[in-house]
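Notes follow the structure.
Note that the coordinates shown come from a computational prediction; the quantities given were computed from them, not determined experimentally. Keep in mind that the numbers below use all heavy atoms, side chains included, and drop hydrogens, waters and symmetry copies.
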Amino acid sequence: MTHSIGLATVALAIGLLTACGGSDDGPPALLSASAPSMALAVSGTARMITVTNLGPYPTEALQASATGLPTGSWMRSTCPTQLMPGASCLLLITPGALPSAVRGDLAPVPAKVTIAGDNTNTMDISVSVLTHGSVHEGGHVFALDDATPLTHSVGGKVLATAEVASAHWSPSLDAVVGVDDDSTAAQGGCDAAADGRCNTQRILAQHPTGSRDFAAALCADSRHGGFDGWYLPAVCELTYSAGAGGLCGTQAAPRVPDNVRSRLHDGDRVGSFGLAYWSSTQSSQSPADHAHMVVFELSILTSAMGKNVGTPPSKCARAITP
């Protein structure tokens, strides 16, 4: 008899817990966000994060707050205190004119947007407001693309905060098809003066086996900062040309406006630069044995160098995760 009463009591307790929205599987109102983090450009486009209640019960006293946003940036929430099951609301983040951290800060601390209720999980979303020179995803930001979808982070490119080892341009002397400085995508190659990621893929495809001790492979194999997707930049991603009529345009009108020299080296310099670095662009004058090297500390800005003669280091780049 006692055993029967005990079982009935347990069953009643479970029934009451369920009726109140409790379970062993998680909170009764389970919040989900469309992005775990968000990066924005200074004075750029406002971006949105969607919050959805995946649980079987409405939220109670749901609130959103932001801490650590730079002065001039702000967050607005459309989330009600009671968000019904299956319903969604928006967090709108608008960037101001100041970045989250000082340019070149190697340990930037992102801002945090928190949303939680009395009967929900707590969600913390990291928010970074970026400018040229900000450190993000393992590198200094040298290109920003604020035209990505509003529900995604800003796009762009970063240059690794550390060099990869000195190495030859390639393991052998032969021309890599489609990566000459005059190659174009319209001709079936890469836009090789400006598209280092395409160049890197072609170089690796031509040298798929054997030693990986060459510039493009060292970048592709890098996991610097905990990120993959690194590539050897093209010559015009790294610099402009010294004079009018050059391959990469001029300082006033560079072929690639967001290039490393313009955004990180000239003026208020960010990061450290050695004398010279490999680019992934092959010389059209002597493609079998010469590639473009970019010189940072002399008046000559670029130079064709024997692929297996010199062993300058490389600075790898990667696209920002949108």
Evaluation steps, side-chain contact (heavy atoms from CB on, under 4.5 Å), between Asp289 and Asn308: CA-CA 7 Å; Asp289 52 13; Asn308 283 358; over 6 Å; no
side-chain contact (heavy atoms from CB on, under 4.5 Å) between Glu237 and Val260, intermediate numbers included: CA-CA 6 Å; Glu237 285 181 289; Val260 169; 5.8 Å; no
Chi angles and distances behind the side-chain contact (heavy atoms from CB on, under 4.5 Å) call for Met84, Asn53: CA-CA 7 Å; Met84 302 303 290; Asn53 180 6; 5.8 Å; no
Derivation of the side-chain contact (heavy atoms from CB on, under 4.5 Å) call for Leu247 and Cys236: CA-CA 8 Å; Leu247 174 66; Cys236 298; 4.2 Å; yes
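Under the 3.5 Å distance criterion, the side-chain polar atoms of Trp169 are matched with a main-chain donor or acceptor of Ser279. With Thr200 contributing its side chain and Ala216 its backbone, the two residues share no donor-acceptor pair below 3.5 Å. For the pair Thr120 (side chain) and Glu60 (backbone), a donor-acceptor distance under 3.5 Å is absent. When atom types are taken as modelled, the side chain of Ser241 and the backbone of Cys248 share a donor-acceptor pair closer than 3.5 angstrom. A distance-only check finds a donor-acceptor pair linking the side chain of Thr281 to the backbone of Val235 [under 3.5 Å]. No donor-acceptor pair under 3.5 Å is formed between the side chain of Ser314 and the backbone N or O of Cys316. Between the side chain of Asp191 and the backbone N or O of Ala185 there is at least one donor-acceptor pair closer than 3.5 Å. One N or O on the side chain of Gln282 and one on the backbone of Val176 form a donor-acceptor pair closer than 3.5 Å. Checked by atom type and distance alone, the side chain of Ser283 pairs as donor or acceptor with a backbone atom of Gln285 at under 3.5 Å.
Nearest heavy-atom pair across Thr122 and Ala116 is OG1-CB, 3.6 Å. Annotation for Glu297 and Gly274: closest pair CG-O, 3.6 Å, computed over non-hydrogen atoms. Between Gly139 and Trp230, the shortest heavy-atom contact is N-CH2, 4.3 Å. Across all their heavy atoms, Ala220 and Arg212 have their closest contact at CB-NH2, 4.4 Å. Closest of all the heavy-atom pairs between Pro313 and Ala276 is CD-O, 3.6 Å. Looking at every heavy atom in both residues, Ala143 comes nearest to His132 through N-CD2, 4.0 Å.
Rounding to the nearest 0.5 angstrom, the gap separating the CE atom in Met305 from the CE atom in Met293 is 5.0 Å. In this structure, the separation between OH on Tyr240 and OG1 on Thr302 is 12.0 Å, given to the nearest 0.5 Å. In this structure, Arg263 CZ and Asp258 CG are separated by 4.5 Å, a value rounded to the nearest 0.5 Å. The NE2 atom of His168 sits 8.0 Å away from atom CG of Asp213, with the distance rounded to the nearest 0.5 Å. Atoms CZ and OG, from Arg202 and Ser280 in turn, are 12.0 Å apart once rounded to the nearest 0.5 Å. With rounding to the nearest 0.5 angstrom, the CG atom of Asn121 is 11.0 Å from the OG1 atom of Thr59.
Residues Ser128 and Ser37 have side chains not in contact (no heavy-atom distance under 4.5 Å, counting atoms from C-beta outward). Within the 4.5 Å cutoff, side-chain heavy atoms of Leu150 are placed close to those of Thr45. Taking 4.5 Å as the limit, every side-chain heavy atom of Val158 sits out of range of all side-chain heavy atoms of Phe227. Counting heavy atoms from C-beta outward, Val127 and Met75 have side chains that stay 4.5 Å or more apart. Side-chain contact check for Leu91 versus Cys79: some heavy-atom pair is nearer than 4.5 Å. By the 4.5 Å heavy-atom criterion applied to side chains, Leu232 and Asn199 are not counted as neighbours. Side-chain contact between Thr131 and Arg103 is present, with heavy atoms from C-beta onward closer than 4.5 Å. Residues Val42 and Pro95 form no side-chain contact, since every pair of their non-hydrogen atoms from C-beta on lies 4.5 Å or further apart.
Connection of Val141 to Val129 is not established within any shared hydrophobic cluster, with ILVMFWY side chains joined at heavy-atom distances below 4.5 Å, either directly or through further cluster members. The hydrophobic clustering, which links ILVMFWY residues whose side-chain heavy atoms are closer than 4.5 Å, places Leu40 and Leu69 together. Two different hydrophobic clusters hold Val177 and Ile203 under the rule that ILVMFWY side chains link at heavy-atom gaps under 4.5 Å. Taken together through direct or relayed side-chain contacts under 4.5 Å among Ile, Leu, Val, Met, Phe, Trp and Tyr, Val113 and Leu98 form parts of separate hydrophobic clusters. In this structure, Ile93 is not a member of the same hydrophobic cluster as Leu90, with clusters built from ILVMFWY side-chain heavy atoms closer than 4.5 Å.
By the 6.0 Å and 45° rule, Lys157 does not stack over the aromatic ring of Tyr231.
In summary, the side chains of Ser284 and Asp181 do present a donor paired with an acceptor at a separation below 3.5 Å, with no hydrogens or angles considered. Asn259 and Thr239 share no side-chain donor-acceptor pair at under 3.5 Å. Side-chain N/O atoms of Ser183 and Asp180 include no donor and acceptor closer than 3.5 Å.
Using bins of under 30°, 30° to 60° and over 60° for the plane-to-plane angle, the ring pair His265/Phe296 lands in the tilted bin. Note on ring orientation: taking the six-membered ring where Trp is involved, the planes of Phe214 and His207 are perpendicular (angle over 60°, cut-offs 30° and 60°).
The neighbour count for Arg197 CZ, taken as heavy atoms of other residues, nucleotides or ligands under 6.0 Å away, does not exceed 12. Enclosure of atom CZ in Arg269 by more than 12 non-hydrogen atoms of other residues, nucleotides or ligands within 6.0 angstrom is indicated.
Asp146 has a carboxylate O that lies under 4.0 Å from a charged side-chain N of Arg47, or vice versa, which qualifies the two as a salt bridge.
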